[in-house]
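Since this is a predicted model, take the numbers as computed values, not measurements. Starting from 1, each residue takes its place in the sequence as its number.
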Amino acid sequence: MRKNLYWLSDREWRRIEPHLPRDVRGKARVDDRRVISGIVHVLRSGCRWCDCPPEYGPPTTIYNRFVRWARRGVWESLFRALAGAGRSTETQAIDSTHVKAHRSASGGKGGKKSRLWAVRAEGATRRSTHSRMLRDASSPSS
């Protein structure tokens, strides 16, 4: 087994297992503990579902279980049940220490660079709120 994989401890599993759905239709579900460990691994590491390590099972199984249970409200009811066993049932919070961005998010505004340079070369006024504010502030009517 690889290092840096997340596995639910026996104590964590004992707390979670009673709150999982029992209404299995069709084929029996694969090992819940393994799949949930894979889901937690993806959520904690921020990796893509398709990059989930094979020790957790097929990535499609991990993803499908997460999505189906999210639609059914399983995760929310599990969170409420576990949070209710804590100190306060009035206020609960989830904190995320990372934010994902799409790989194209770092490039800023899109568009053809040659077209943008041509507009700037012609001395055209930029169409933005900021440039309008500057123009209006310098006009004699204000």
Side-chain angles (χ1 to χ4, degrees), residues 1-139 142:
M1 268 191 203
R2 288 194 262 175
K3 290 184 177 184
N4 300 328
L5 295 182
Y6 176 81
W7 295 103
L8 289 167
S9 68
D10 291 338
R11 183 175 164 265
E12 291 168 330
W13 182 244
R14 280 193 303 272
R15 290 188 68 201
I16 290 173
E17 189 177 25
H19 304 288
L20 299 181
R22 301 268 181 239
D23 58 338
V24 179
R25 290 175 256 142
K27 287 176 68 173
R29 287 194 312 244
V30 295
D31 183 12
D32 284 334
R33 188 172 182 174
R34 185 187 76 196
V35 173
I36 293 171
S37 293
I39 290 169
V40 173
H41 174 82
V42 169
L43 297 177
R44 286 180 70 185
S45 70
C47 71
R48 298 179 305 174
W49 295 103
C50 63
D51 294 333
C52 186
E55 288 85 351
Y56 297 121
T60 51
T61 301
I62 309 297
Y63 172 77
N64 288 338
R65 178 82 54 88
F66 176 78
V67 170
R68 287 181 187 136
W69 282 8
R71 286 185 189 137
R72 291 177 57 190
V74 172
W75 300 117
E76 185 174 349
S77 63
L78 177 63
F79 175 74
R80 290 185 186 282
L82 296 176
R87 292 185 183 157
S88 170
T89 58
E90 297 293 321
T91 305
Q92 302 297 328
I94 298 175
D95 179 34
S96 176
T97 57
H98 71 279
V99 176
K100 288 185 183 180
H102 193 272
R103 58 180 144 294
S104 65
S106 64
K109 205 169 187 178
K112 293 207 179 259
K113 294 203 184 301
S114 60
R115 192 186 88 224
L116 293 173
W117 289 335
V119 169
R120 287 185 188 147
E122 292 174 14
T125 305
R126 293 177 67 188
R127 293 183 290 167
S128 69
T129 305
H130 181 68
S131 61
R132 281 192 199 121
M133 287 172 44
L134 292 175
R135 185 179 60 231
D136 292 345
S138 63
S139 70
S142 55

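- For residues 56-71, the salt bridge (Lys or Arg N to Asp or Glu O under 4.0 Å) pairs, not counting sequence neighbours, are Asp32-Arg65.
- Residue-environment remark: CD (Glu17) exceeds the threshold of 12 foreign heavy atoms within 6.0 Å.
- Heavy atoms only, all atoms of each residue included: Cys52 and Gly38 are closest at SG-O, 4.1 Å.
- For OH of Tyr63, the number of neighbouring non-hydrogen atoms (other residues, nucleotides, ligands) closer than 6.0 Å is 12 at most.
- Atom CG of Asp31 is separated from atom CZ of Arg29 by 10.5 Å, given to the nearest 0.5 angstrom.
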Could you check Ile36 against Trp69 for side chain to side chain contact (heavy atoms under 4.5 Å, CB included), going step by step and ending with a plain yes or no?
CA-CA 11 Å; Ile36 293 171; Trp69 282 8; 3.9 Å; yes

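- For the atom pair CG (Asn64) and CH2 (Trp49), the distance works out to 10.0 Å, reported to the nearest 0.5 Å.
- Rounded to the nearest 0.5 angstrom, Leu82 CG and Glu12 CD are separated by 10.0 Å.
- Going from atom CH2 of Trp75 over to atom CG of Leu43 covers 8.0 Å, rounded to the nearest 0.5 Å.
- Atoms SG and NE2, from Cys47 and His41 in turn, are 4.5 Å apart once rounded to the nearest 0.5 Å.
- To the nearest 0.5 Å, the span separating CG on Leu8 from CZ on Arg15 amounts to 12.0 Å.
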Before giving the answer on side chain to side chain contact (heavy atoms under 4.5 Å, CB included), spell out for Val42 and Tyr56 the whole-Å C-alpha distance, their side-chain angles and the decisive distance to 0.1 Å.
CA-CA 10 Å; Val42 169; Tyr56 297 121; over 6 Å; no

Walk me through it: do Arg33 and Asp10 pass the test side chain to side chain contact (heavy atoms under 4.5 Å, CB included)?
CA-CA 10 Å; Arg33 188 172 182 174; Asp10 291 338; 2.8 Å; yes

